[in-house]
Amino acid sequence: MSNAACEPAPVRLLPPLCVGGAAATALVAAWAMSDGDGRQTLLAAALYWLMPLALALWVAAVARARAAGGEPFGAWLRARAGTMTLAAVAVAVVFATMPPAMRMQFDETSLLGTSFGMHAERAALMPIGALPAPDGAHVTGWNLDKRPPLWSFLVSVAHDVAGVRVGNAYAANAVVLWSLLVLVGWRLRAAAGGAGGALAMALLAGLPLLASCATSAGFEALALSLLAAAVVAAIDFVRAPTAPRANALLATVLLGAQARYESLPVLLALLAVVAVVARRWPRDRFGAWLLAAAPLLLAPLALLWVHGRDAMFYPEAQGQPLVALAHFADHVGPLLAAVFAWGPQPFAALPTLLAVAVGALALARPAGRVALATLVVAPVGAATAIALLWFYGDVRENTAQRLFLPLAALLALLPPLACAAWRARKLALALLVAALAAGAHNLTALRAERVLPRQNAAVMLDAVDVALAGLRPAPDRTLLVSAVAQYLIVQGHAAITPQQWLARRPRLGDAIDVVVLATPLDAACRAQAGDPRDVLAALPAQLLGEVPFGADRVAAWRLAR
């Protein structure tokens, strides 16, 4: 059937477009007419229940695009079995070298907390307070986070299947990393042979920044994987502009927009390049419904952006503009210095100069190669520019380096992309040996924290865990009062902030112990959580123990009530 036969008449596009537009308008109107709590409840529910729709549309679109290729699913799967096996081995090596842990507090705590809320409440809410109860900690307070919901939703599904535990986030990231390696490895295998595919997987698996993100409880690996999927879908569409491929690209963009703050503008930049290169967009009935779903799926993200502009979410900004050209000017120099640094560093699996020199060969090919390269470079460039414009985009800040994961992945993939452009299979084999050696060296340096050392707050929370291991608090009879209450709730404890304690003074039975935790993070969290010293000043307390943390300490006090 020709593409023209697939295109519905404009009048037949109107019903689905009207349905989608009306649903999005109704959601925004209901939000605008609600008060503060009502807005939060409505938006949290929408962010949860629209995720199954986004996933279902994506699965259907990708399946239809694959089926349109005519290859039976069994043959399609068997052809990729070797790549899937190599990817599984690479994931096992990464996770064995870098045991999973929370590395980027407090993003991971918020994401995990939201996944708990999605599991328990079917809403994108994170717990902010929990009291002891006979059957364990009982959440008494919820809040709406600023982060897009897809990652938390996927982890919540793991909670639904396997029970609530932090480890579900690590397992989900292992699957995400495996999927990324399979996608990239197979596509480059098709263009540069088995050595080219293996080279791509080795360079990505040996990339310190990706290994760190993939063994955390954060959403960076998911956002990168969906960006890679969108780029692959865009390349497929430009090569053969058919309605099923157009639908797969649009569905991937709609899903990827739910992954991270900057995902939507980055993916829109990709669509802009596709529009310039392809100059046509074939449509069928399924594509019409995808277009109808777009405003409904994107409207909650716009409302979440409005919610997330609250200054309470960015205390580290200290009043400076969140986005500004001045930030770009301040951040671009340190980024270039870091990217071209020699030795183990977050931004290249091989030394960057070698990667760029080899990757430049890809642009030396005539006819069409520049257009395809633009599909890869444009979204990565957009993601990098957004990170540099962001107030927090200083690569010298350890926790900000993850913002540049798309750039790091592109630098790592330049050599296999060049091999694919030139069909240089022997070069790919030679580089594979170097990539394996570089990957082993980089992962060893990562494990030893010679590169990307863990964030100070994450290390400090290890000291909190040590303190709690000595106290052995039970969620049915111990209430922890701490500035890091949200982290404690995620770990399964009953906890509230000092601010909540002083405001509510909850009535507890005599059998309930109240333990106040003082940590080195108290000063930084005072504006949002209150100060444990105010609680200790209000009631007599007994010191239970201390755990040293550098020149400071984590101290536990039992309140006398």
Side-chain angles (χ1 to χ4, degrees), residues 35-37 40-41 105-106 109-110 113-114 116-117 121 125-134 136-146 307 310-316 318 457 460-461 463-465 467-468 471-547 549 552-561:
D35 59 11
D37 290 340
Q40 176 170 288
T41 301
Q105 288 294 344
F106 287 94
T109 292
S110 298
T114 301
F116 290 177
E121 302 291 323
L125 295 170
M126 57 182 179
I128 57 173
L131 296 178
H138 174 66
V139 176
T140 58
W142 301 91
N143 198 5
L144 177 63
D145 190 28
K146 62 180 179 177
H307 168 77
D310 192 324
M312 65 168 284
F313 287 120
Y314 309 99
E316 64 272 32
Q318 298 180 344
M460 190 280 298
L461 290 174
V464 171
D465 292 338
L468 294 179
L471 296 175
R472 296 183 181 179
D476 62 337
R477 54 183 175 81
T478 306
L479 174 63
L480 301 173
V481 180
S482 172
V484 295
Q486 191 179 352
Y487 170 79
L488 300 175
I489 296 170
V490 167
Q491 299 294 330
H493 299 291
I496 60 177
T497 64
Q499 190 177 74
Q500 291 171 324
W501 169 267
L502 293 170
R504 297 176 52 186
R505 295 286 178 94
R507 294 183 179 181
L508 303 169
D510 293 336
I512 302 297
D513 286 333
V514 180
V515 175
V516 178
L517 282 178
T519 77
L521 284 175
D522 293 343
C525 298
R526 185 177 296 123
Q528 290 77 33
D531 195 330
R533 292 178 297 182
D534 295 336
V535 178
L536 295 172
L539 289 171
Q542 174 191 0
L543 180 63
L544 298 179
E546 299 177 333
V547 175
F549 180 75
D552 212 323
R553 61 177 184 164
V554 174
W557 305 76
R558 177 184 286 119
L559 288 185
R561 294 183 294 115

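- Between Leu471 and Leu480 there is no side-chain heavy-atom pair separated by less than 4.5 Å.
- In this structure, Leu479 and Pro132 have side chains that are in contact, with non-hydrogen atoms separated by less than 4.5 Å.
- Here the closest heavy-atom approach between residue Gln499 and residue Gln528 is recorded as OE1-O, 3.3 Å.
- Residue pairs meeting the salt bridge (charged side-chain N to carboxylate O under 4.0 Å, His left out) criterion with at least one member in residues 471-495, sequence neighbours excluded, do not occur.
- Annotation: side chain of Leu468 is not in contact with side chain of Val515 (no heavy-atom distance under 4.5 Å).
- Here the CD1-OG1 distance, from Ile489 to Thr109, works out to 10.5 Å after rounding to the nearest 0.5 Å.
- Residues passing the side chain to side chain donor-acceptor pair (under 3.5 Å) test with Asp522, sequence neighbours excluded: Thr519.
- Residues passing the side chain to side chain donor-acceptor pair (under 3.5 Å) test with Asp552: none are found, sequence neighbours excluded.
- For His493, there are no ring pair (Phe, Tyr, Trp, His ring centres under 6.0 Å) partners, not counting sequence neighbours.
- The minimum heavy-atom distance between Ala495 and Ala485, with the atom names listed, is CB-O, 3.8 Å.
- Taking each heavy atom of Arg504 and Thr140 in turn, the nearest pair found is NH1-OG1, 3.5 Å.
- Leu502 pairs by the side-chain contact (heavy atoms from CB on, under 4.5 Å) definition with Arg505, Asp534, Val535, not counting sequence neighbours.
- Here the straight-line distance linking atom CD1 of Ile128 with atom CD of Gln500 works out to 5.5 Å at 0.5 Å rounding.
- How far CD of Gln486 is from CD1 of Ile496: 14.5 Å, rounded to the nearest 0.5 Å.
- Shortest non-hydrogen contact noted between Gln40 and Asn143 is OE1-OD1, 3.0 Å.
- Interatomic distance, CG of Asp531 versus OG1 of Thr497, reported as 11.5 Å (0.5 Å rounding).
- In this structure the side chain of Leu539 never reaches within 4.5 angstrom of the side chain of Val514, judged on heavy atoms.
- Taken to the nearest 0.5 Å, the CD atom of Gln542 stands 11.0 Å off from the CG atom of Leu559.
- Looking at every heavy atom in both residues, Ala529 comes nearest to Pro498 through O-CD, 3.3 Å.
- Atom OG1 in Thr114 sits 9.5 Å away from atom CH2 in Trp142 (nearest 0.5 Å).
- Within the 4.5 Å cutoff, no side-chain heavy atoms of Ile512 are placed close to those of Leu131.
- A search for side-chain contact (heavy atoms from CB on, under 4.5 Å) contacts involving Leu543 returns Glu546, Ala555, Trp557, not counting sequence neighbours.
- Minimum interatomic distance between Gly492 and Pro475 (heavy atoms only, all atoms of both residues): O-CB, 3.6 Å.
- A heavy-atom distance below 4.5 Å is not found between the side chains of Val547 and Val464.
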